[in-house]
2 protein chains.
Amino acid sequence: MKISTRTRYGMRAILELACAYGAEPMQIKVIADRQKISNKYLEQLVAIIKSAGLVRSVRGPHGGYVLARDPAEIKLSEIFTVLEGQTLTVECVDNQEVCENSSDCITRKLWKQMNDAMLGVLENQTLQDLVKMTEKERMNYQI
Amino acid sequence: MKISTRTRYGMRAILELACAYGAEPMQIKVIADRQKISNKYLEQLVAIIKSAGLVRSVRGPHGGYVLARDPAEIKLSEIFTVLEGQTLTVECVDNQEVCENSSDCITRKLWKQMNDAMLGVLENQTLQDLVKMTEKERMNYQI
DNA sequence: ATAGAATACTACTAAATCAGTAGGAATATA
DNA sequence: TATATTCCTACTGATTTAGTAGTATTCTAT
């Protein structure tokens with residue numbers, strides 16, 4: 001059970017944009033270089049994030065991408081869902097109807113516990129929290 | 001991000017064996033029928049569980065499988081790991097060396113939180129807990 | 001105007017994984 | 001010896017993943 005590269009790259013990319021919130025648009029190329037991600041692949045990932053309304057784009061020279069909302073207003077769960085899909089463990093957790101036994105399935109209760117445990121982590125943090133951690137990390141590095 | 005069918009089926013199968021702990025060996029066929037799982041596929045899954053030492057087998061007529069240890073002594077994390085693999089979110093969480101940036105990677109901290117959240121669920125429950133829930137569920141049904 | 005910088009769009013692909021199916025070998029029981 | 005069961009291995013179609021590739025579109029600056 002792994003988080004896809006798509007989600008890992010996408011999260012790193014949007015964190016870059018969150019760190020640059022309020023500044024000039026940032027280009028795919030810049031993010032790709034910094035994060036060591038394939039330029040072309042990242043293009044597609046950012047397109048996904050954009051179509052979800054999390055970032056806006058500016059075309060042409062000096063263009064790039066900017067975060068669409070304040071980092072404090074973007075929960076990590078929202079980003080994760082866009083990139084990885086809604087299901088965190090098993091489909092029947094979100095959608096009882098996919099299995100007729102779901103109402104009294106014991107293992108489903110287990111998957112739901114795991115699901116909710118992850119969801120708690122993602123719901124209780126925003127991009128702003130990651131930005132702060134990034135800044136703190138950079139300070140440590142400088143000292 | 002989904003838990004594989006392998007893990008879901010395998011967990012249901014071992015729960016059947018846990019419910020039958022102390023009784024006669026239970027055959028693949030019986031489990032497969034009850035859980036509506038392909039017989040042949042389940043054979044392979046139980047083989048995985050067996051090679052991990054969680055169940056023992058008895059060949060020939062009246063044979064089948066029995067849980068190798070008391071259900072209370074088998075943590076759910078052990079079963080999950082055998083079926084799904086060690087990684088719950090991202091490899092670098094268990095294995096820092098797979099990425100040179102892991103030491104100051106902010107997103108890794110996030111994946112680790114999610115990882116630990118799930119692990120907490122799996123570490124703090126044993127098969128015995130699922131057996132009890134199963135019995136309770138059956139009682140509700142009878143009333 | 002036009003060159004160039006950037007995003008936007010669409011199609012293709014190699015590799016891996018998943019969820020099985022299939023068939024027969026080995027072993028124990030009655 | 002017939003039968004019930006596990007054991008072992010090989011194959012397969014479908015899907016997903018992590019890209020690569022090429023071109024079209026849009027905006028800016030000169």
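Basis for what follows: all heavy atoms, side chains included, without hydrogens, waters or symmetry-related copies. Residue numbers begin at 1 in each chain, while the letters A, B, ... track the order of the sequences.
Per the geometry, CE belonging to A:Met26 stands 11 Å off P belonging to C:dT7, to the nearest Å. Taking atom CG of residue A:Asn39 and atom P of nucleotide C:dA8, one finds them 13 Å apart after rounding to whole Å. Spacing between atom CD1 of B:Ile49 and atom C1' of D:dC7 amounts to 15 Å, rounded to whole angstrom units. Nucleotide D:dT16 holds its P atom 17 Å from the CE atom of A:Met1, rounded to whole Å. Between the CD1 atom of A:Ile48 and the P atom of D:dT17 there is a distance of 10 Å, rounded to whole Å. Rounded to a whole Å, the CG atom of A:Leu45 is 15 Å from the P atom of C:dC9. Taking atom OH of residue B:Tyr41 and atom P of nucleotide D:dC8, one finds them 18 Å apart after rounding to whole Å. Atom-to-atom, CD of B:Glu43 to P of C:dG24 comes out at 15 Å; the value is rounded to the nearest Å.
At a cut-off of 3.5 angstrom, the base of C:dA8 holds no donor-acceptor pair with the side chain of A:Arg59. No donor-acceptor contact under 3.5 Å links the side chain of A:Gln44 to the base of C:dT7.
Put simply, B:Ser4 has no side-chain N or O that comes within less than 4.0 Å of OP1 or OP2 on C:dT17. Phosphate proximity of C:dA19 to B:Ser38: absent, as no side-chain N or O sits under 4.0 Å from OP1 or OP2. Within the structure, every side-chain polar atom (N or O) of A:Lys29 is placed at least 4.0 Å from both OP1 and OP2 of C:dT7. Distances shorter than 4.0 Å separate some side-chain N or O of A:Lys50 from OP1 or OP2 on C:dA8.
No side-chain donor from either of B:Arg6 and B:Gln44 sits under 3.5 Å from a side-chain acceptor of the other. A donor atom on one side chain and an acceptor atom on the other are found under 3.5 Å apart for A:Ser77 and A:Glu123. For the residue pair B:Ser57 and B:Lys50, a side-chain donor N or O sits within less than 3.5 Å of a side-chain acceptor on the partner. A donor and an acceptor atom, one from each side chain of A:Ser103 and A:Gln96, are nowhere located under 3.5 Å apart. When only modelled atom types and interatomic distance are considered, B:Glu73 and B:Thr126 share no side-chain donor-acceptor pair under 3.5 Å.
Counting any heavy atom pair closer than 4.0 Å across all strands shown, B:Val46 reaches no nucleic acid atom.
Take the nearest nucleotide of DNA chain D for B:Tyr65 and for B:Pro61: the residue whose nucleotide is more 5' is B:Pro61.
Here the side chain of A:His62 is nearest to one of D:dC7, C:dC9, D:dT28, namely D:dT28. Ranking C:dG24, C:dG4, D:dT6 by closeness to the B:Gln27 side chain, first place goes to D:dT6. Of the listed nucleotides (D:dT6, D:dT20, C:dT7), D:dT20 has the atom at the smallest distance from the side chain of A:Lys40.
The stretch residues 5-12 of chain A touches DNA chain D through A:Thr5, A:Arg6, A:Tyr9, each having a heavy atom within less than 4.0 Å of the strand.
No side-chain donor-acceptor contact under 3.5 Å links A:Thr87 to the backbone of A:Val90.
More than 12 heavy-atom neighbours from other residues, nucleotides or ligands sit within 6.0 angstrom of CD on A:Glu137. Crowding of A:Lys109 atom NZ: a count of heavy atoms from other residues, nucleotides or ligands under 6.0 Å exceeding 12.
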